[in-house]
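Remember, it's 1-based here, ligands and their atoms both numbered in the order they're listed. No experiment lies behind these values; they were computed from the predicted model shown.
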Amino acid sequence: MIKINEHYLKLQASYLFSNIAKKVGEFQEANPDKDIIRLGIGDVTRALPQACTDAFHSAIDEMATDSGFRGYGPEQGYDFLREAIAKNDFQARGADISADEIFVSDGAKCDTGNIQELFTTDAKIAIPDPVYPVYLDTNVMAGRTGGFEDGRYKGIIYLDSTKENNYVPSLPTEKPDLIYLCFPNNPTGSTITKAELKTWVDYAKENQALILFDAAYEAFIRDESLPKSIYEVEGAKEVAIEFRSFSKSAGFTGTRCAYTVVPKECAAFDAKGGKQLIHPLWNRRHCTKFNGVSYPVQRAAEAVYSEAGKAQARDLVAGYLKNADLIAREIKDLGYGFIGGDNSPYIWIEGNRDSWEFFDMLLNKAGVVCTPGAGFGKCGEGYIRLSAFNSYENVEKAMIRIKEALA
Ligand code: PLP
């Protein structure tokens, strides 16, 4: 008899985006003339940088010739991209990461979801709350949690990110083996200082734990004193894996390219307590289960590091940050507490009421879609997330309507 993995039955249906879609659909049907402005979803809206589309086109032209054609590529990514990443994203900031420590992939979602396969099912997991849901759900699927009770899975060490700790979780009292961190954070938009990140690196070292650091939004960091990579912290290479993506930094959400950094000295332990390097294990997994990112997409990603590509990607991010500035300014004027928007495309707003109630009010009175904070975890209740991923004109219009609705 074929039996299913019953851990999947523990998963909570993801009501968040389907519920939002349902409510927006009903509102649109009742108000067919109302134009709805979407500041909910975390998807980019502006065109790919021209340097990327030019490189994309010429790579496709190469593929149309026998001499330029490429079949299966290296699963870890072509050297031209791995070298450009290592040089520009790490070595240029003083982080000693080499090209062969970079694994190119089709998404930080897949990588942050798949990495847990390397660790035992009894590994103790620490996950922030609120959080990007992939970390939690993939550990539920793998059987690292008990059932869902009172808004939380049993067996998980939740790292509360609240107003009291400025949305940067404190070290846990219970000892974890695997620690997920995400900065700039989705959904709160909070950032972490180098000193704070160092306390986590030191903690991981002292406790033989491993940090999974999701830096999918590093391109939005404007404050030069903030770390873009965990490897800017001394000693992090032994205890941290970092995830990056071209999705938000260069508009690749539909094009698909990301990468994971597994330093050669990064280690976990076997049953006898012996050190086991993670790099060869992730390499083995990647080569067994992943075919690599297509050649034209990797050429498009490489173009992000050309002089023109750098300037165009910077402009893209600057455009979203200009939207974020406007949202933050208006929310502040309205007297609401919030965080984010300064080094992040997300603004996390204290609604002082149930987060779905706030969502309904903004939709019905302003025709603006936000994301209710409760969808990201128990600590998100009472908050909403506004995203800066839209045109400036739409954000301006949305903020005028929100001001009228909340006045
Ligand atoms: N990590 C975080 C924190 C995200 O918010 C997202 C997407 O929204 C991702 C990873 C996924 O990135 P990718 O598009 O590379 O899969």
What about [X]: any of its N or O atoms under 3.5 Å from an N or O on ligand 1?
X      : value
Gly42  : no
Tyr217 : yes
Lys109 : yes

Which residue and non-hydrogen atom of the protein lie closest to [atom], and at what distance in Å?
atom                    : result
atom 15 (O) of ligand 1 : Ser245 OG, 2.6 Å
atom 11 (C) of ligand 1 : Tyr132 OH, 3.3 Å
atom 12 (O) of ligand 1 : Ala108 CB, 3.7 Å

Is the cationic atom of Arg385 (NZ for Lys, CZ for Arg) positioned less than 6.0 Å from the six-membered ring centroid of Phe376 and within 45 degrees of its normal?
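No, a cation-pi geometry is absent between Arg385 and Phe376.
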
Tyr78 ring centre to Arg70 NZ or CZ under 6.0 Å, with the angle to the axis within 45°?
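Pair Arg70/Tyr78 counts as cation-pi.
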
NZ/NE/NH1/NH2 to OD/OE distance under 4.0 Å, Lys194 and Glu234
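Result for this pair is no, no salt bridge flagged.
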
Which ligand 1 atoms are under 4.0 Å away from a heavy-atom of [X]?
X      : answer
Cys182 : 3 (C)
Asp214 : 1 (N), 2 (C), 3 (C), 10 (C)
Arg256 : 13 (P), 14 (O), 15 (O), 16 (O)
Ser247 : 13 (P), 14 (O), 15 (O)
Lys248 : 7 (C), 8 (O)
Gly107 : 15 (O), 16 (O)

Which word best sums up how the rings of Tyr203 and Trp200 line up, parallel for under 30°, tilted for 30 to 60°, or perpendicular for over 60°?
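The rings of Tyr203 and Trp200 stand perpendicular, inter-plane angle above 60°.
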
Below 30° counts as parallel, above 60° as perpendicular, anything between as tilted: where do the rings of Tyr135 and Tyr132 land?
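Perpendicular: the ring planes of Tyr135 and Tyr132 meet at over 60°.
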
With a sphere of 6.0 Å drawn around NZ of Lys87, does it hold more than 12 non-hydrogen atoms of other residues, nucleotides or ligands?
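Atom NZ in Lys87 is not packed in, count stays at 12 or less.
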
About how many Å separate NZ of Lys332 and CG of Leu334, when rounded to the nearest 0.5 Å?
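Nearest 0.5 Å value for the CG-NZ distance: 12.5 Å.
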
Beyond-backbone contact of Asn185 with Ser344, side-chain heavy atoms, under 4.5 angstrom:
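In short, these two side chains do not touch, never coming nearer than 4.5 Å.
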
